[in-house]
Amino acid sequence: MENIQKIKCLIVDDEPIARKIIKNYINQISFLENVGECKNGLEALDVITKEKEIQIVFLDINMPNLSGLSMAKIMKNNIPIIFTTAYSEYAVESYDVNAIDYLLKPFSFERFTTAVFKAIEKLEKYKNFTNPSVQELEENKIYIKSEGMNFPVLLTDILYCEAMKNYTKVFISNGKSLKTLIPFSKIEQDLIYKGNHFLRIHRSFLISKLHISSIKSNHINIGNFEIPIGPQYKESILKTIGLK
């Protein structure tokens with residue numbers, strides 16, 4: 001374990017007690033390293049600019065001068081953010097800035113650890129997709145037959161899929177969409193098998209969690225697309241995403 005490179009963390013919270021608790025939690029996890037503590041967002045942005053290797057930020061929301069939400073909008077989106085706050089009403093808004101998790105104070109060490117492993121999963125995906133090998137590219141690709149041709153599509157480029165009457169429509173991040181005669185259930189099975197970031201939210205819709213831009217009570221926004229949440233899926237979706 002001594003040779004494992006530690007993951008560098010930054011604590012941002014205006015409350016000394018809250019910073020102390022998070023620091024104590026970090027110290028209990030051998031592969032984490034606390035590299036700094038900031039009392040507000042402006043101070044934190046200065047540290048992040050100078051310290052290029054920060055990999056996880058534990059970020060309070062209600063802070064003087066610059067709120068955690070405002071700070072998150074300024075930060076680079078490849079640094080995982082775990083919000084730590086006493087206010088539950090910001091949970092949905094936190095997903096507008098692609099937060100990894102939302103810890104409601106007071107939170108347990110077990111809940112903290114769960115959030116950390118979510119952040120590590122994002123770090124691993126970012127590392128793999130910014131410098132992928134040929135084998136990794138093939139493993140993260142699916143071929144979709146449309147109009148008599150097979151199109152290679154990266155799993156990370158798929159925004160969502162919609163079940164139509166006689167076909168399935170696959171929407172891709174480049175603005176294009178593919179119409180395939182493959183049944184929706186088969187598309188769902190193939191995508192979930194190859195990538196754990198796909199989620200069924202409606203009897204006619206399957207989305208990629210990687211492209212969620214915001215979550216409302218009855219729909220999820222994927223970029224400019226508004227995807228309805230089926231009533232029978234709502235509770236399980238909130239649990240899966242971490243809002244319940």
Side-chain angles (χ1 to χ4, degrees), residues 1-130 209-210 212-215 241-244:
M1 293 292 292
E2 294 180 359
N3 295 325
I4 294 178
Q5 187 175 2
K6 291 192 175 185
I7 295 171
K8 299 182 184 297
C9 306
L10 178 68
I11 302 169
V12 188
D13 200 306
D14 62 329
E15 298 177 0
I17 294 177
R19 294 197 301 272
K20 184 176 180 180
I21 291 172
I22 297 173
K23 181 180 179 180
N24 180 50
Y25 284 171
I26 289 174
N27 290 339
Q28 292 182 57
I29 300 177
S30 62
F31 52 82
L32 296 185
E33 178 185 357
N34 177 30
V35 297
E37 299 175 31
C38 301
K39 298 185 289 293
N40 59 65
L42 290 174
E43 183 181 334
L45 286 173
D46 185 55
V47 172
I48 290 171
T49 301
K50 294 175 181 176
E51 175 58 70
K52 303 297 184 182
E53 296 183 358
I54 289 175
Q55 294 162 286
I56 299 176
V57 176
F58 297 96
L59 181 60
D60 188 22
I61 289 182
N62 280 343
M63 294 185 295
N65 300 322
L66 186 70
S67 73
L69 286 170
S70 297
M71 175 186 158
K73 292 174 183 177
I74 300 171
M75 284 173 55
K76 293 182 291 186
N77 61 10
N78 60 306
I79 301 178
I81 295 170
I82 298 174
F83 279 117
T84 59
T85 179
Y87 302 92
S88 60
E89 62 264 30
Y90 297 107
V92 172
E93 193 175 353
S94 72
Y95 279 86
D96 287 338
V97 292
N98 295 318
I100 290 296
D101 211 338
Y102 190 94
L103 301 182
L104 194 60
K105 299 175 182 176
F107 47 86
S108 66
F109 177 66
E110 180 182 5
R111 183 68 184 85
F112 176 86
T113 304
T114 299
V116 166
F117 275 95
K118 284 184 181 180
I120 291 172
E121 183 180 5
K122 176 173 180 177
L123 286 170
E124 288 299 316
K125 285 180 179 178
Y126 179 78
K127 181 175 67 176
N128 290 338
F129 289 127
T130 51
K209 291 187 287 185
L210 299 178
I212 292 176
S213 53
S214 64
I215 303 172
I241 296 176
L243 293 178
K244 190 171 184 180

I need the minimum non-hydrogen distance between [X] and [Y], along with the two atoms involved.
X: Glu37; Y: Glu43; value: O-OE2, 3.7 Å
X: Ile82; Y: Val116; value: CD1-N, 4.0 Å
X: Ile100; Y: Pro80; value: CG1-CB, 3.6 Å
X: Ile56; Y: Ala119; value: CD1-CB, 3.8 Å
X: Ala44; Y: Val12; value: CB-CG2, 3.6 Å
X: Cys38; Y: Leu10; value: SG-CD1, 3.9 Å

As an exercise, state the distance from [atom1] of [X] to [atom2] of [Y], rounded to the nearest 0.5 Å.
X: Asn65; Y: Asn40; atom1: CG; atom2: CG; answer: 5.5 Å
X: Lys6; Y: Gln55; atom1: NZ; atom2: CD; answer: 12.5 Å
X: Leu103; Y: Phe58; atom1: CG; atom2: CZ; answer: 8.0 Å
X: Phe83; Y: Asp101; atom1: CZ; atom2: CG; answer: 11.0 Å
X: Ile11; Y: Asp60; atom1: CD1; atom2: CG; answer: 12.0 Å
X: Asn27; Y: Ile22; atom1: CG; atom2: CD1; answer: 12.0 Å

Self-check item: Enclosure of Phe109 CZ (heavy-atom neighbours >12, cutoff 6.0 Å)
Solution: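 Yes.
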Quiz item: Stepwise, does the side-chain contact (heavy atoms from CB on, under 4.5 Å) test hold for Thr113 with Tyr25?
Solution: CA-CA 8 Å; Thr113 304; Tyr25 284 171; over 6 Å; no
So [Y] and [X], do their side chains get closer than 4.5 Å, heavy atoms only?
X: Phe31; Y: Ile120; value: yes
X: Lys23; Y: Ile26; value: no
X: Asn62; Y: Tyr87; value: yes

Practice problem: Mind jotting down which residue pairs meet the side chain to side chain donor-acceptor pair (under 3.5 Å) criterion with at least one end in residues 10-19? Sequence neighbours excluded, please. | Solution: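 Residue pairs with at least one partner in residues 10-19: Asp13-Lys105.
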Self-check item: Derivation and outcome, side-chain contact (heavy atoms from CB on, under 4.5 Å), residues Asp46 and Leu42
Solution: CA-CA 6 Å; Asp46 185 55; Leu42 290 174; over 6 Å; no
Quiz item: Could you go step by step and tell me if Phe117 and Ile29 meet the side-chain contact (heavy atoms from CB on, under 4.5 Å) rule?
Solution: CA-CA 11 Å; Phe117 275 95; Ile29 300 177; over 6 Å; no
Exercise. For Phe107, enumerate each residue passing the ring pair (Phe, Tyr, Trp, His ring centres under 6.0 Å) test, keeping only those at least two apart in sequence or located in another chain.
Key: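 Once residues adjacent in sequence are excluded, Phe107 has no partner under the ring pair (Phe, Tyr, Trp, His ring centres under 6.0 Å) criterion.
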